[in-house]
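All remarks here apply to the structure that follows.
Read the numbers this way: they start at 1 and go in the same order the structure lists the ligands and their atoms.
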Amino acid sequence: MSVGGDQAIGIDVGGTKINAFRVSRDGTIVERSSAPTPADDEDETMASMVELARSLATPEVLAVGVGAAGLVDAGEGVLRFAPNLAWRNLPIAQRMRDALGLPCQVDNDASMGAYGEFRFGAGRGYRHLLFVTVGTGIGGGIVADGRLFRGAHGFAAEIGHIIVEPGGPPCGCGNRGCWEQVAAGRAIGRMGREAVVDHPHSILWRLAEGAPAKVTGKLVTEAALQNDEVAVGIVAEAGRRLGEGIAGLVNILDPQVVIVGGGVIVAGDLLLDPARASFQEAVEGPEYRPRVPIVPAQLGNDAGAVGAATVALEELGRVMA
Ligand SMILES: [Zn+2]
């Protein structure tokens with residue numbers, strides 16, 4: 001179709017940071033750039049995305065792909081609702097096209113992470129995968145029969161907001177007891193703050209300088225990696241809740257593999273082994289189905305932007321074909 005190595009700009013807009021990469025068709029990151037997210041200001045966030053994209057645009061760049069947290073109307077390129085950000089009905093694709101004169105595809109950020117892992121990471125060689133990203137909350141992405149599954153409106157795979165504990169901890173989406181409130185970073189932090197009171201002089205207590213309010217999910221994970229018994233138990237509890245949720249999703253989707261990414265994955269098998277165990281107990285007919293491996297993601301924080309660039313290039317190919 002064209003000469004000189006097709007490239008796209010992939011932008012991953014997170015709650016705290018915007019990652020923007022220039023990516024070639026084979027998934028290589030040619031150039032990277034980033035900026036903090038002004039999370040409570042839509043216009044500033046858009047301006048920052050445009051500026052990053054401009055700084056990366058070269059004649060090789062054919063398209064822009066954006067992954068944004070929340071409900072993204074992928075057909076229209078509009079971010080409808082972001083539970084943890086102030087954004088409502090933000091026409092990202094239109095604004096990027098107007099500013100850059102390039103086609104722009106917008107999807108959910110975790111879906112873009114899933115696609116990045118599918119094409120260039122832990123999902124290579126599979127056609128059916130579930131991607132679960134565990135950070136402060138939980139995001140998801142689904143690849144079914146080799147294609148990104150977006151649902152009717154682009155809203156599919158918002159797996160963090162399945163209610164697993166009615167009346168449980170409140171969630172940014174307005175409900176209570178969502179999966180992401182009991183199995184991700186916020187839950188780990190909450191359990192840590194509760195537990196540290198009864199365990200003075202633990203590693204966790206020392207890391208928090210004796211102040212329970214200073215305990216975060218990240219700190220608990222750090223303590224767990226230093227073999228703090230209380231922290232290991234908390235990460236394991238989150239892992240068990242994670243595995244139970246994954247079992248429900250595997251019952252629906254029947255993937256070949258489950259890839260777990262996101263910040264909490266630094267805990268490694270401290271999180272994943274309990275998840276695998278509870279998954280195996282909770283999934284339907286475990287002894288009558290092929291084992292579904294639960295594996296860590298490989299692309300880390302790069303997955304979203306690489307996936308977004310790749311999807312943008314592939315959409316372009318489909319439009320032109
Ligand atoms: Zn929720």
(message) If you compare all heavy atoms of V61 against all heavy atoms of L56, which two are closest, and at what distance to 0.1 Å?
(response) CG2-O, 4.1 Å
(message) Would you say CD of E229 has more than 12 non-hydrogen atoms from neighbouring residues, nucleotides or ligands within 6.0 angstrom?
(response) no
(message) Around atom CD of Q298, are there more than 12 heavy atoms from other residues, nucleotides or ligands closer than 6.0 Å?
(response) yes
(message) Strictly under 2.8 Å, how many protein N, O or S atoms lie near the Zn ion (ligand 1)? Waters don't count.
(response) 4
(request) Tell me, please, which residues at least two apart from P255 pass side chain to side chain contact (heavy atoms under 4.5 Å, CB included). (result) L130, V250, L253, V258
(request) Decide if atom CZ of R88 counts as having more than 12 heavy atoms of other residues, nucleotides or ligands within a radius under 6.0 Å. (result) yes
(request) Determine whether the side chains of N108 and E158 contain a donor N or O and an acceptor N or O closer than 3.5 Å. (result) yes
